[in-house]
Number of protein chains: 2
Amino acid sequence: MPDTPALGLRDRKRIETRLRIETAAVDIVTAEGLDGATVDMISDRAGISPRTFFNYFESKEDAILGTQDMGEVQRAIAAGVASAETDDLVAAIVSTMFQIFGPMAARTQLKAQRMALVQEHPRLLSRQIHQFTQLNSTMAAAVVEFLNKRETTLPRDPEHVAEIAVATCVASVRIAVKEWIADGATADIDSMYLRSIGLTRETLNTLQ
Amino acid sequence: MPDTPALGLRDRKRIETRLRIETAAVDIVTAEGLDGATVDMISDRAGISPRTFFNYFESKEDAILGTQDMGEVQRAIAAGVASAETDDLVAAIVSTMFQIFGPMAARTQLKAQRMALVQEHPRLLSRQIHQFTQLNSTMAAAVVEFLNKRETTLPRDPEHVAEIAVATCVASVRIAVKEWIADGATADIDSMYLRSIGLTRETLNTLQ
DNA sequence: GCAATAATTGCAGAGACTGCAAAAATGCAC
DNA sequence: GTGCATTTTTGCAGTCTCTGCAATTATTGC
């Protein structure tokens, strides 16, 4: 780990404010529904002005989803797939996703609450899919790297094959998470991971 | 084909108005960009009041995408997969998609223009993905049917495997279309279909 | 033609979001 | 701690999307 550059008061406050907004957003939407929650209400509970809300988030939906710095996540994903120790592509993709999103998903009440909201409100799901779509190309690029390193015979069309591979794995993670939520969000990350891999394998067998 | 029940003036006008709105929306967005185009401008060109615009479409994006009756499409998809003559699941899914969306996509200038817009504007893409996501469960159900009929050994988890299978095939269709657009939208539907199948096969081989 | 039904419209209003410039908070050098 | 530069917050005015409601107009079946 590189030295944390000793965040000053200004930065710490910013992070804290951001979290306060996210929490307020999720709480109010949980209580009042997606349309019942207004930016005014959220700002009010977070103790900021409505104008400041939009300094932190582009939209109400982003605040609810807690859109984090996607650049950060992108770099983590690329690094994760590239440095995977396995030669198994499915395992490389899925485990990278779990390394990155797993801790987010399972540890805090906020994240669990948020995931439930996403299942409940199609509009949020759509926005989240949009975020993931932006990640897909990064992941696909990392997968092409992966293939370049290990396979002697590359697919004829590595970029496009990589995109489909990513779509497949992402779908299996999404479905494992969906079931995790349906089960009351009790199981641990490892079992989600295993389930996700299992689903992918079964699907491949079925499709072949 | 069942007799068309001889649409009256009222219904014909409605269909025509709907089309005028879609066309106006696509034209103006093409010219002015997604944010440059307002509902007022679109309504104006379509010769209706802004209020009427919202009688036809829930949002600006829907007008641009020309959201058609999804119930119709859902039934067509279910029927298509169920009645596929092949035993090859990938072929069944992909060819059904092409049967339904192919004619839409390739025949008219409007549709081609629309597809270009979707590639260009991430916000539209995510909205469209969202629409497809809603189709996914219908398709997945049809796939489970398909598996029930043909496979002696069902996957342990047919519903979820079906969802992932659908996601995989949809992704390959999406990417084939994307490349079709990139190539200037010149190739025919058959070559898109073959390309889509080919991509899926290559991906499966790579992932196995 | 006439009544029933459906489509269009205007209007008023809520809510999301933006640009701008003033005010407050913070960081840093002295 | 004082003063100055930089950020952050905020208020305000304004645009745009979208909704409910009630009046108006068009289509239909009789």
Side-chain angles (χ1 to χ4, degrees), chain A residues 4-22 24-26 28-29 31-67 69 117 121-124 126-127 130, chain B residues 4-22 24-26 28-29 31-67 69 117 121-124 126-127 130:
Chain A
T4 312
L7 295 179
L9 173 58
R10 189 170 276 172
D11 293 296
R12 266 180 287 133
K13 250 191 156 171
R14 228 184 134 69
I15 291 171
E16 192 202 294
T17 301
R18 194 182 180 84
L19 184 62
R20 262 210 326 281
I21 298 175
E22 290 179 15
V26 167
I28 295 185
V29 172
E32 312 281 342
L34 191 46
D35 288 326
T38 69
V39 170
D40 281 6
M41 291 161 76
I42 297 172
S43 314
D44 203 51
R45 178 173 307 195
I48 55 165
S49 78
R51 186 65 187 80
T52 301
F53 177 95
F54 288 106
N55 288 340
Y56 281 84
F57 296 97
E58 285 188 6
S59 68
K60 199 171 75 174
E61 283 74 17
D62 278 349
I64 299 164
L65 292 176
T67 312
D69 182 6
L117 286 180
H121 299 285
R123 240 168 57 208
L124 291 180
S126 150
R127 188 97 184 186
H130 175 59
Chain B
T4 312
L7 293 179
L9 173 59
R10 188 173 278 169
D11 292 298
R12 264 181 289 133
K13 251 189 156 173
R14 227 184 135 69
I15 290 171
E16 191 203 295
T17 301
R18 194 183 180 84
L19 184 63
R20 263 209 325 281
I21 298 176
E22 290 178 15
V26 167
I28 295 186
V29 172
E32 312 281 342
L34 191 47
D35 287 326
T38 68
V39 170
D40 280 8
M41 293 162 76
I42 298 173
S43 314
D44 204 50
R45 176 171 306 194
I48 54 163
S49 78
R51 187 61 187 83
T52 301
F53 177 95
F54 289 107
N55 287 339
Y56 281 84
F57 295 98
E58 284 187 6
S59 69
K60 200 170 72 173
E61 283 74 16
D62 279 348
I64 300 164
L65 292 176
T67 312
D69 182 6
L117 285 180
H121 298 285
R123 237 167 59 206
L124 291 180
S126 71
R127 187 102 182 185
H130 180 224

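A quick note: this is a predicted structure, and the numbers were derived from the prediction, not measured. To find a chain, count down the sequence lines: A is the first, B the second, and so on, and within it residues start at 1.
- C/dC11 atom C1' lies 19 Å from atom CZ of B/F53, rounded to whole Å.
- With rounding to whole Å, A/K13 atom NZ is found 10 Å from D/dT9 atom C1'.
- The interatomic distance linking A/D40 (CG) with D/dG11 (C1') rounds to 13 Å, in whole Å.
- Distance A/R127 CZ to C/dA16 C1': 12 Å, rounded to the nearest Å.
- Of the side-chain N and O atoms in B/S49, one or more sit less than 4.0 angstrom from OP1 or OP2 of C/dT9.
- As judged by a 4.0 angstrom heavy-atom cut-off over every strand, A/A37 is placed among residues touching the sugar-phosphate backbone only.
- Straight-line distance from the CD1 atom of B/I42 to the C1' atom of D/dC18: 14 Å, rounded to whole Å.
- A close approach under 4.0 Å does not occur between any side-chain nitrogen or oxygen of A/R14 and OP1 or OP2 of C/dT26.
- To the nearest angstrom, P of C/dA22 lies 16 Å from CZ of A/R51.
- Residue B/T38 is classed as a sugar-phosphate contact, given heavy-atom separations below 4.0 Å to backbone atoms only.
- Within the nucleic acid shown, A/Y56 comes within 4.0 Å of sugar-phosphate atoms alone, with no base atom in reach, counting heavy atoms only.
- Rounded to whole angstrom, the span from the CG atom of B/N55 across to the C1' atom of D/dC21 amounts to 12 Å.
- The 5' end of DNA chain D is approached more closely, in terms of each residue's nearest nucleotide, by B/P50 than by the other of B/R10 and B/P50.
- Partner B/E16 forms a side chain to side chain donor-acceptor pair (under 3.5 Å) with one of B/K13, B/R14, B/R20 and no other, that one being B/R20.
- Every residue two or more places apart in sequence or in another chain that forms a side chain to side chain contact (heavy atoms under 4.5 Å, CB included) with B/D62 is listed here: B/F57, B/E58, B/S59, B/T67, B/R127, B/Q131.
- When rounded to the nearest whole Å, the span between CG of A/D62 and P of C/dT18 equals 11 Å.
- Annotation for B/A37 and B/K60: closest pair O-NZ, 2.9 Å, computed over non-hydrogen atoms.
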